[in-house]
2 protein chains.
Amino acid sequence: MEDVNTRKNSGAATTPVRRQGTTKRAASSGSASERRDHLVKLAADLFARKGFQATTVREIAEEAGILSGSLYHHFDSKETIVDEVLTTFLDDLVSRYRAVLDRRDDPRTTLSEMVRVAFGTLEPHRAAITVMQNDWNYLLSLPGDRFAYLVRTEEEVERMWVEQIERGQAIGQLRGDIDTKLTYRMVRDSVWVTVRWFRPGGRLNTAALADHYITVLFDGLATGERA
Amino acid sequence: MEDVNTRKNSGAATTPVRRQGTTKRAASSGSASERRDHLVKLAADLFARKGFQATTVREIAEEAGILSGSLYHHFDSKETIVDEVLTTFLDDLVSRYRAVLDRRDDPRTTLSEMVRVAFGTLEPHRAAITVMQNDWNYLLSLPGDRFAYLVRTEEEVERMWVEQIERGQAIGQLRGDIDTKLTYRMVRDSVWVTVRWFRPGGRLNTAALADHYITVLFDGLATGERA
DNA sequence: AGTCTTTGCGCAATCGCTTGTTCGCGCGAA
DNA sequence: TTCGCGCGAACAAGCGATTGCGCAAAGACT
């Protein structure tokens with residue numbers, strides 16, 4: 001029996017941020033309430049552990065100490081929650097990539113920094129990365145084009161990477177006998193897939209992962225002359 | 001409600017089943033019938049597309065042109081199906097790795113061949129690889145230790161890889177400043193994760209993928225001297 | 001060869017359970 | 001009084017799984 005008034009998360013007593021104009025029914029990025037943001041964060045933790053489909057609204061609610069129905073005062077569907085997690089991630093990722101490209105370094109330096117950016121998003125955006133790997137196909141198969149921006153953004157990011165690889169080949173900084181698109185995919189996958197086993201606070205941090213990967217990516221595992 | 005007619009899957013190990021081929025293998029459960037094998041294949045195709053959890057028994061049945069209940073004449077649970085898919089894959093994988101190791105080549109050659117083996121399983125075992133990525137945690141969380149062999153086998157495979165990397169470092173064939181375990185994980189992940197976008201019959205086959213990856217892995221993307 | 005019995009495998013109906021979602025209600029703070 | 005936000009109960013849909021039944025093919029026996 002668990003009744004009584006055990007409101008765990010009754011915080012948020014400060015500055016309710018009352019913005020006018022945006023009624024609670026905004027398309028994707030809803031109004032800004034601290035309570036809501038907190039719930040998204042709790043949900044994201046679960047998504048990071050099990051993916052989107054495998055996480056139930058009852059689990060999210062329990063994590064917040066409320067009942068599942070109460071979640072619907074903040075979100076009009078489970079999809080809305082994951083939508084918010086994904087857009088936040090992609091916005092952050094793309095803007096970080098752009099910042100690197102704006103520095104206009106040589107291709108190898110730029111690509112190294114892009115690898116660092118990618119690994120750098122591993123900790124703050126674990127949930128989104130997990131979801132994109134586990135539930136990509138499912139989200140795209142949903143009725144409506146709600147998650148079509150996933151494909152669009154992915155294509156934009158691919159263009160950024162491929163352009164740098166091509167530039168590197170053009171000036172002889174990178175070998176010309178490799179497939180640019182395939183190389184991009186393998187780099188991307190290698191980075192994102194680490195969320196499966198990476199845990200913050202372990203033997204290695206994300207910066208060390210990035211350094212390790214950059215070393216192997218450009219110079220390879222072998223010693224001596226290149227083949 | 002006890003019935004004298006309880007047939008279920010009691011025993012069933014004494015099925016003679018001659019009818020051309022299909023060696024009977026009494027593994028964890030079930031006898032070998034052609035019909036059954038066919039159903040496993042249909043289920044595997046669905047697992048390869050959506051993972052295990054996301055595939056329903058009704059979808060599997062529909063793919064076979066029967067009703068979901070009829071599946072239970074062949075399997076006593078949905079888990080049994082995926083179990084069969086996974087053990088078949090892991091048995092094949094480990095024995096292929098062993099065959100490579102038995103050749104006792106130098107570490108670099110051995111590792112190259114192991115990469116080829118891994119990519120070589122991509123097409124015949126798409127379903128298993130997809131499931132291991134999507135549903136690994138879920139399967140391990142199931143009651144009983146039914147899927148504990150996943151962890152055991154993974155550890156065995158990791159040992160194979162790490163040993164070869166270490167041997168390569170010991171004889172100076174591979175650089176000594178890289179983390180062996182981390183390197184193994186990145187190679188493994190890079191290979192398996194390609195099931196997400198690889199489609200047979202496309203621009204590249206798995207052999208080309210393997211060659212490309214081996215090139216980058218050992219010699220890197222850069223030109224000129226190593227850092 | 002003909003008959004009887006067993007067996008494999010499908011259907012149809014249904015079970016208990018979980019899923020995402022809805023809704024009326026009450027309560028404390030603004 | 002209004003409003004944000006929780007409860008509690010319920011909903012339809014879908015899940016994995018069970019069971020009784022019928023039928024056709026396969027064996028077994030005379």
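A note on names: the letters A, B, ... follow the listed sequences, proteins ahead of strands, and every chain is numbered from 1.
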Readout for nucleotides 15-22 of chain C: B = base within 4.0 Å of protein heavy atom, S = sugar-phosphate only, - = neither; 5' to 3' it is ----BBBB

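- For B/W192 and B/F89, the distance between ring centers is under 6.0 angstrom.
- Rounded to whole Å, the distance from CG on A/L67 to P on D/dC11 is 18 Å.
- The side chain of B/R36 contributes no N or O atom lying less than 4.0 Å from OP1 or OP2 of C/dC9.
- Rounded to whole Å, the distance from CD on A/E62 to C1' on D/dC7 is 15 Å.
- Screening residues 54-65 of chain B for salt bridge (charged side-chain N to carboxylate O under 4.0 Å, His left out), with sequence neighbours left out, gives B/K50-B/E59.
- In the displayed structure, A/D145 atom CG is contacted under 6.0 Å by at most 12 heavy atoms of other residues, nucleotides or ligands.
- In this structure, a donor-acceptor pair under 3.5 Å is present between the side chains of A/T80 and A/R146.
- In this structure, NE2 of B/H38 is placed 16 Å from C1' of C/dG8, rounded to the nearest angstrom.
- For residues 113-138 of chain B, every residue pair satisfying the salt bridge (charged side-chain N to carboxylate O under 4.0 Å, His left out) rule, not counting sequence neighbours, is listed here: B/R103-B/E113, B/E113-B/R116, B/R116-B/D211.
- With rounding to whole Å, B/Y138 atom OH is found 11 Å from D/dC15 atom C1'.
- A close approach under 4.0 Å does not occur between any side-chain nitrogen or oxygen of B/H73 and OP1 or OP2 of D/dT18.
- The nearest whole Å value for the distance from the CG atom in A/D37 to the P atom in D/dC5 is 12 Å.
- We find that CD1 of B/I66 is positioned 14 Å from C1' of C/dA12, with the value rounded to whole Å.
- Classification of the B/Y97-B/W161 ring pair by plane angle, with boundaries at 30° and 60°, yields perpendicular.
- In this structure, B/R35 atom CZ and D/dA25 atom C1' are separated by 15 Å, rounded to whole Å.
- Atom P of nucleotide C/dG8 and atom CG of B/L39 are separated by 15 Å, given to the nearest angstrom.
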